[in-house]
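Proteins come first, then strands; the chains are lettered A, B, ... in the order of their sequence lines, and each starts at number 1.
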Protein chains: 4
Amino acid sequence: MAPNTSFFSDLLASIAERGHALLDPKRSRPAGGEDIVNLCEALISERGEASGVALAQEILRSYAELDDDGRTIFFDALTNRFGPDLDRIDAAIARFTDARGNVSAAAINEASEARRQELIRRLNLAPEGTACLVRMRSDLLTRMGEVQGLELVDRDFEHLFASWFNRGFLVLKRIDWSSPAVILERIIRYEAVHAIRDWDDLRRRIDPPDRRCFAFFHPSLVDDPLIFVEVALTDAMPDAIAPILADSRTAISPGRATTAVFYSISNCQDGLRGITFGNFLIKQVVEDLTREFAGIKTFVTLSPIPGLRRWLDDARADAADELNLTVDQRKALAILDHDQWARKGDVARRLKALVLPIAAHYLMRAKSMRGAPLDPVARFHLGNGARLERINWLADPSPKGLADSAGIMVNYSYVLKDIERNHEAFAHKGAIAASSAVRGLLRSDNQPLENAVAR
Amino acid sequence: MAPNTSFFSDLLASIAERGHALLDPKRSRPAGGEDIVNLCEALISERGEASGVALAQEILRSYAELDDDGRTIFFDALTNRFGPDLDRIDAAIARFTDARGNVSAAAINEASEARRQELIRRLNLAPEGTACLVRMRSDLLTRMGEVQGLELVDRDFEHLFASWFNRGFLVLKRIDWSSPAVILERIIRYEAVHAIRDWDDLRRRIDPPDRRCFAFFHPSLVDDPLIFVEVALTDAMPDAIAPILADSRTAISPGRATTAVFYSISNCQDGLRGITFGNFLIKQVVEDLTREFAGIKTFVTLSPIPGLRRWLDDARADAADELNLTVDQRKALAILDHDQWARKGDVARRLKALVLPIAAHYLMRAKSMRGAPLDPVARFHLGNGARLERINWLADPSPKGLADSAGIMVNYSYVLKDIERNHEAFAHKGAIAASSAVRGLLRSDNQPLENAVAR
Amino acid sequence: MAPNTSFFSDLLASIAERGHALLDPKRSRPAGGEDIVNLCEALISERGEASGVALAQEILRSYAELDDDGRTIFFDALTNRFGPDLDRIDAAIARFTDARGNVSAAAINEASEARRQELIRRLNLAPEGTACLVRMRSDLLTRMGEVQGLELVDRDFEHLFASWFNRGFLVLKRIDWSSPAVILERIIRYEAVHAIRDWDDLRRRIDPPDRRCFAFFHPSLVDDPLIFVEVALTDAMPDAIAPILADSRTAISPGRATTAVFYSISNCQDGLRGITFGNFLIKQVVEDLTREFAGIKTFVTLSPIPGLRRWLDDARADAADELNLTVDQRKALAILDHDQWARKGDVARRLKALVLPIAAHYLMRAKSMRGAPLDPVARFHLGNGARLERINWLADPSPKGLADSAGIMVNYSYVLKDIERNHEAFAHKGAIAASSAVRGLLRSDNQPLENAVAR
Amino acid sequence: MAPNTSFFSDLLASIAERGHALLDPKRSRPAGGEDIVNLCEALISERGEASGVALAQEILRSYAELDDDGRTIFFDALTNRFGPDLDRIDAAIARFTDARGNVSAAAINEASEARRQELIRRLNLAPEGTACLVRMRSDLLTRMGEVQGLELVDRDFEHLFASWFNRGFLVLKRIDWSSPAVILERIIRYEAVHAIRDWDDLRRRIDPPDRRCFAFFHPSLVDDPLIFVEVALTDAMPDAIAPILADSRTAISPGRATTAVFYSISNCQDGLRGITFGNFLIKQVVEDLTREFAGIKTFVTLSPIPGLRRWLDDARADAADELNLTVDQRKALAILDHDQWARKGDVARRLKALVLPIAAHYLMRAKSMRGAPLDPVARFHLGNGARLERINWLADPSPKGLADSAGIMVNYSYVLKDIERNHEAFAHKGAIAASSAVRGLLRSDNQPLENAVAR
């Protein structure tokens with residue numbers, strides 16, 4: 001470890017000697033994982049108080065150039081070396097046991113904080129530190145499971161990011177054809193629901209008068225959105241995605257719109273996984289559009305059911321599935337395995353009566369062990385207080401749409417005055433708000449699914 | 001408590017019923033302290049997830065209208081009701097004792113967090129939440145000592161603010177005559193060292209080509225600076241404040257300047273007490289000016305010694321003072337008690353030889369029990385890694401200057417390459433970097449002060 | 001003239017040799033009027049095509065430093081040397097006489113353009129050229145009459161400025177407490193109707209929620225407004241200025257306002273005299289406020305009658321005045337010459353019945369030889385299509401208000417749908433739109449003024 | 001014409017009645033050419049003073065919807081109906097003849113101004129008026145020749161535009177990857193020299209650290225550049241375009257650049273033909289880059305010779321051409337007619353010795369009847385004061401490059417200190433500044449071209 005050590009002493013010496021000369025990029029040998037760990041120790045020491053910005057910058061710059069092995073060393077140190085100080089905890093516990101109360105409880109809290117929390121806060125001193133730390137957590141998430149105990153590190157990142165990316169610090173901005181190309185390029189890249197093919201496709205989604213796109217930004221990540229939503233202003237609740245994405249269509253005047261359709265919501269930053277934005281974004285956009293357009297009264301999504309096919313396939317493979325599928329039904333459902341089924345009108349028509357009730361069942365009755373809906377999109381919107389409004393057959397016959405959602409799409413509707421009631425019923429009792437049409441699709445518990453097929 | 005309860009249920013009902021109608025300002029009866037406490041409970045419950053923004057806004061708006069008694073109730077609840085959950089801590093300690101390690105340590109940390117931390121984070125959801133919370137802590141600080149345990153609440157505020165106001169989130173902006181009046185007005189109000197009399201006085205400090213003013217801003221407090229520094233670009237290290245503040249003086253071309261003088265640094269937000277900005281501000285400004293003006297090589301302050309007179313007066317009143325003052329010296333120093341001494345040339349001249357060594361002693365040898373310099377300004381600059389460069393006699397003969405600092409001002413110099421070394425020597429050994437001129441003023445330990453007088 | 005010539009050749013040589021070195025401010029001897037004239041010749045020659053920006057900058061910089069004699073030389077040259085080329089006109093006339101038609105007419109137009117028009121256009125190439133040229137015309141206007149023929153130069157300036165400051169190029173901006181101090185300072189300086197005493201007074205006019213201030217800006221004069229209007233949002237048509245300017249008053253919520261009061265309009269740039277902005281400004285503000293506040297239906301001014309006292313004094317001094325004043329009336333009117341008359345309730349009350357009809361007469365019947373109202377403020381608003389709505393007694397008892405307008409103020413109202421009809425009736429027939437209340441104040445032509453007094 | 005008339009009276013009535021209701025887009029029948037002409041008459045009448053903005057807006061909106069016949073009517077009216085008033089000219093001439101002098105000359109100038117000048121100025125009152133008028137002139141230019149006398153209308157447009165788009169009103173902005181997409185899309189569209197294939201190609205030209213793009217904007221055409229230049233920062237004067245446009249190349253650090261290469265300049269607005277920007281743009285960019293990068297000393301273009309092939313083909317077809325081409329030379333030059341000649345190394349090598357001197361001759365000796373270089377690009381740069389620095393063989397072997405410029409490209413160099421001398425020599429004597437290398441390519445006058453071939 002001699003060369004590393006010497007690198008490290010040289011480096012610290014040079015910090016002391018030359019201050020910001022550190023930032024000089026002409027340094028001969030790149031810093032390795034061990035060097036960086038040593039710099040991190042310096043950063044949370046007293047030295048870090050005087051040269052924090054320079055040290056933090058050096059660490060983040062070196063981290064970015066680390067190879068895979070270097071990062072393993074680095075994350076290992078984060079996990080083990082920069083964890084909590086167990087001896088301090090012992091001492092604090094002793095005091096707490098001695099004099100149980102708020103003061104000794106606060107001391108326990110302080111003593112048990114992992115050292116990496118202060119390290120991460122100090123790394124944020126560097127210019128563009130926040131962006132680097134978000135990328136660092138994104139790296140960390142890909143290694144989860146590889147390193148023992150890394151989830152504790154992740155929890156500390158998440159804890160700090162939840163504080164830094166608090167909704168109070170976010171700024172809502174409209175994205176349109178006047179937005180900087182550097183942002184638009186990222187919108188193209190980050191779109192996760194209905195891929196944006198190219199700049200012309202992008203323009204069709206943000207430039208026409210009846211299209212909107214809004215994103216949350218954080219002041220420290222100026223050019224990089226956190227989450228964005230694409231909205232179509234329409235005169236009816238849509239039952240298919242194709243007309244919304246069509247290359248050539250006639251825009252309507254937004255003044256005539258009655259309905260705002262949230263047809264795509266994409267998170268942009270892997271490194272912010274677990275930090276909630278979507279909930280706030282949708283509500284803010286609902287409020288803003290309500291203020292701008294008196295005529296818009298209906299706010300709905302047009303959403304996939306990404307887990308439907310996989311779940312249904314499992315049921316079909318399971319003799320004792322919860323749907324009690326009959327042999328005939330299983331046979332009918334086998335058609336879904338053919339590529340082209342959605343193109344054959346009569347086949348599709350026949351399937352509809354069988355599959356829509358299954359979809360309703362999946363959305364409203366298929367629950368995880370914690371009692372939440374299995375489908376992640378349903379979980380998100382219902383958890384936000386939305387209502388399951390309509391299930392649309394053959395709404396997305398694209399390969400992805402068929403493969404994931406059996407071509408079905410759902411309208412979840414956001415009614416401001418019901419949001420909180422829905423949310424609470426959902427959170428406390430697992431109750432799902434649904435229109436009578438959707439509820440009508442559900443079999444009563446003792447009604448066999450055949451009847452549905454016969455309809 | 002019936003009416004409060006009913007207000008509270010009404011309010012929650014109305015949230016559930018009308019969503020954001022809450023924000024309607026026509027509510028008949030103002031919320032009291034108890035109501036607000038109940039709303040706070042709702043905010044950190046599940047309800048808060050659906051209506052967080054509206055609830056937070058309502059709480060902060062109501063808090064702003066609370067009278068003194070209401071605030072007492074509120075802060076009392078923060079202290080006692082929203083503290084840590086001691087039973088959870090007990091359980092976590094039991095697990096830790098059982099299986100001592102990082103995982104159980106993390107659980108202890110989580111269990112011991114005061115509930116108010118999550119409360120404060122959620123209050124920040126409201127529009128302008130951050131500004132309201134900073135004001136709330138400012139209120140809190142004025143009550144410190146009144147409420148038992150309030151310092152624990154304060155520590156939680158400080159912990160969160162340190163994270164939110166991390167230097168990585170701050171933006172340095174130049175303040176000049178093109179800045180918005182709303183900001184300039186605050187500069188006038190916040191200036192704490194050399195009061196700004198009016199808008200003309202302000203203009204003289206920010207508009208001429210050889211004057212600069214820089215402030216740190218936080219994105220969530222757009223119009224409100226956190227800290228600012230006033231800088232004069234000069235051609236020599238200044239030995240008095242009057243020429244810098246003079247009403248009529250001829251500006252020099254900044255291209256000809258050799259020296260940047262930091263002659264006033266003011267913190268703006270009481271509610272951010274304890275969060276460090278000055279250190280970063282000075283270093284950033286040194287860097288920026290270095291980049292802008294190749295000719296500026298010297299960066300110094302012109303600072304008061306605000307604790308000198310009080311400390312000297314204590315010494316004079318103490319027969320066994322650490323200066324070993326003689327009867328003659330005490331007599332000579334009595335002149336300081338006269339209003340007009342600084343105007344009398346020969347009196348002032350005679351005092352100089354006596355008082356300058358005393359000032360040097362005070363700055364370099366008078367230490368608190370923790371070993372830090374007694375003088376707060378010295379503590380700040382020396383702690384930042386600056387060097388005590390020169391002590392200037394009769395540099396500020398204003399009433400305040402005489403009353404606090406005996407008319408003396410100090411140049412602390414910032415030399416980038418020495419900052420870290422100075423800081424470390426100061427932090428570890430209490431060593432104070434000083435020029436030979438200043439060190440020359442100090443008596444060797446066994447040298448009586450008379451000799452100085454005789455000089 | 002040798003030195004000048006040599007200066008000139010040197011200068012041109014240096015332009016040729018060193019290009020922009022010209023801009024170097026270290027030139028030893030300042031350019032005189034003759035030098036500048038020579039540079040102007042160079043600027044409109046071919047040389048000017050290559051070095052136009054540098055030459056224009058040099059001319060404008062040197063002009064700014066000219067003393068009075070130098071400017072006399074300069075304006076004399078503009079008048080005589082840079083006028084039209086009479087020989088070219090002769091030739092163009094000959095061609096026109098030969099072949100009368102659009103082509104030869106265009107040739108006449110081109111031949112008869114004064115050379116200074118091209119000169120002024122090329123001077124505008126310099127950075128900040130437009131601002132310099134506006135100041136130059138302002139200088140010119142103060143010399144009008146001194147130099148024979150200077151009005152022709154002025155006409156060329158006006159012609160170009162009317163084109164450059166076309167309303168299509170102007171930008172309306174709201175002025176408020178967030179505006180840059182550099183602009184606010186100018187608002188204080190330029191206010192010409194009700195002087196702004198200091199920054200606190202300014203703030204009272206632009207910061208409260210029921211106050212607005214709007215200005216036109218030109219992109220080339222970024223920090224310098226062209227014209228601005230101060231607006232009070234009220235719940236009734238005001239009959240006095242004091243409540244509007246009061247130091248302490250309770251602001252109303254702008255949502256409750258029914259009336260927008262234009263209580264001060266000031267032109268800012270002497271050099272733009274004769275270029276019309278006020279008309280556009282008022283209409284734009286009416287439109288913008290209508291869009292912002294549904295409740296505001298009434299748009300009125302609260303205006304002085306600046307020519308009333310002088311005109312009335314002339315009438316009083318004239319035995320055969322157009323009012324046919326009686327001896328008693330003259331005696332009664334003599335009270336106006338006392339300083340304090342407005343403070344004496346009964347005196348003022350008695351005068352009211354006499355003076356209000358006189359004011360109505362002055363506003364509606366006193367005409368210039370060209371048939372326009374004598375009062376400039378009346379001419380402006382009536383010419384814009386406003387209506388004379390109400391004449392308010394003792395509406396401005398300030399010394400200036402008494403001295404100019406006998407303390408009276410007028411509400412002119414702007415009703416969008418009537419503006420054009422009013423404007424045309426005014427322009428074609430000299431008809432003045434007035435409310436029946438104002439018309440009722442007028443004596444029928446044969447009714448003696450006594451009756452009015454008796455009322 | 002009854003319906004038109006009635007439309008017109010209705011319209012004017014509605015203006016009078018409803019003010020801005022005009023702007024309501026629900027009008028049933030579109031306005032025709034005649035209607036618009038009538039509205040134009042109204043606009044320059046007194047009516048226009050009261051309702052100018054609304055009238056101008058209505059005219060421009062209706063004009064935009066006119067079909068071809070409607071525009072014929074409109075331009076015909078501009079030409080004939082809104083020309084000068086010949087009778088007024090007669091009267092002014094009479095006065096001038098009577099009293100020849102500056103005053104009567106000014107009166108002639110005023111009387112001979114075409115009425116459309118005032119019309120165009122008033123049309124500019126409309127929001128976005130300037131952009132509409134620029135498009136209107138662009139339409140006009142396509143009709144030139146069709147309508148008798150339209151060139152007089154064009155001259156008035158050009159006169160006003162030269163005033164409005166004076167360099168003093170233009171703003172230089174850098175175009176980069178942070179620029180709004182709406183502008184970047186136009187850069188792609190307007191690029192006229194080396195077509196930009198798509199957004200990736202665009203990004204390669206504006207985003208890398210060694211690439212720059214600058215454009216002039218006018219404040220009234222916010223999103224629409226007037227002219228732009230693409231610049232490569234390099235370490236040598238380039239002799240071919242391909243390396244500059246290459247898809248994959250390694251950018252150099254701009255700090256290491258010695259040379260700025262202007263490799264593409266495009267005018268954007270047809271409607272501004274004849275208004276000079278390029279001259280100012282290049283000089284401004286030279287100044288700005290000089291200030292930003294101390295290391296950049298050389299400013300050159302890499303330009304096509306767009307007229308070379310056509311001129312050479314004419315010479316080849318002419319037995320008595322000015323080059324005195326021999327039969328062998330004609331035979332050798334015939335190779336240029338083959339598509340693939342540039343790919344055959346030895347063929348190309350042999351041609352070089354023959355064609356480079358021809359190119360030098362074309363650039364330096366081929367003159368128009370007015371004595372200016374035939375080649376438009378040469379005329380532009382030499383007229384700006386640039387120097388013909390180097391002629392590069394096979395610098396652009398693209399189909400367009402071969403078809404226009406025989407694959408040759410030229411470096412014109414801009415040396416600030418020589419620009420004016422070059423410009424004047426060029427303007428007065430037709431002298432062309434050229435390096436000795438280029439001059440060396442020219443045959444002495446009596447030297448036959450064969451010698452060149454033999455070299």
Side-chain angles (χ1 to χ4, degrees), chain A residues 15-20 46-47 49-53 79-80 83-84 86 89 93 96-97 100-103 105-106 108-109 112-114 121 124-127 129-130 149 152 155 160 162-164 166-169 171 219-220 279-280 283 287 384-385 416-417 419-424 427-428, chain B residues 15-20 46-47 49-53 79-80 83-84 86 89 93 96-97 100-103 105-106 108-109 112-114 121 124-127 129-130 149 152 155 160 162-164 166-169 171 219-220 279-280 283 287 384-385 416-417 419-424 427-428:
Chain A
I15 295 174
E17 289 309 312
R18 299 174 298 120
H20 282 239
E46 256 147 13
R47 186 187 300 269
E49 284 171 25
S51 300
V53 176
T79 309
N80 297 307
L86 300 189
I89 298 181
I93 289 179
F96 183 76
T97 313
R100 192 170 172 277
N102 285 337
V103 175
I108 280 191
N109 187 247
S112 58
E113 192 186 274
R121 280 191 291 262
N124 195 45
L125 297 174
T130 315
L152 296 175
R155 215 186 287 171
L160 282 167
S163 191
W164 291 352
N166 186 299
R167 192 264 171 271
F169 299 133
V171 182
S220 292
N279 179 359
F280 297 117
K283 286 170 192 168
E287 279 187 42
N384 288 344
L416 275 185
K417 72 173 179 50
I419 280 180
E420 184 170 2
R421 191 169 41 211
N422 292 344
H423 165 79
E424 284 202 47
H428 289 304
Chain B
I15 295 173
E17 289 308 311
R18 298 176 297 120
H20 282 238
E46 254 148 14
R47 186 187 300 270
E49 284 171 25
S51 301
V53 177
T79 309
N80 297 305
L86 301 189
I89 298 181
I93 288 178
F96 182 76
T97 314
R100 190 170 174 278
N102 285 338
V103 175
I108 280 190
N109 187 247
S112 58
E113 191 186 273
R121 279 191 292 263
N124 195 45
L125 296 174
T130 314
L152 295 175
R155 214 185 288 170
L160 282 168
S163 192
W164 292 351
N166 187 298
R167 192 265 170 272
F169 299 133
V171 181
S220 291
N279 179 358
F280 297 117
K283 287 172 193 167
E287 278 186 44
N384 288 343
L416 275 185
K417 71 173 180 48
I419 280 179
E420 184 169 4
R421 189 168 42 209
N422 292 344
H423 165 78
E424 283 202 50
H428 289 304

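In plain terms, the two heavy atoms of Ser220(B) and Gly168(A) that are nearest each other are OG-O, 3.8 Å.
Options Asn80(A), Asn166(A), Ile108(A) differ in how many heavy-atom pairs under 4.5 Å they form with chain B, and the most are formed by Asn166(A). Of all the listed residues (Ala105(A), Ser163(A), Gly129(A)), the one sharing the greatest number of non-hydrogen pairs under 4.5 Å with chain B is Ser163(A). Ranked by heavy-atom pairs under 4.5 Å with chain B, the list Thr130(A), Ile89(A), Asn124(A) is led by Asn124(A).
Counting heavy atoms from C-beta on, the side chains of Leu86(B) and Arg100(A) come closer than 4.5 Å. Considering only heavy atoms from C-beta on, Arg167(B) comes within 4.5 Å of Val53(A) through its side chain.
For a residue to count as touching a neighbouring chain, one of its non-hydrogen atoms must lie under 4.5 Å from one of that chain's; by this rule Val171(A) does not touch chain B. Using a 4.5 Å cut-off between heavy atoms, Thr79(A) touches chain B through its backbone atoms (N, CA, C, O) alone.
Taking CG of Asn102(A) as the reference point, atom CG of Leu152(B) lies at 6.0 Å (rounded to 0.5 Å).
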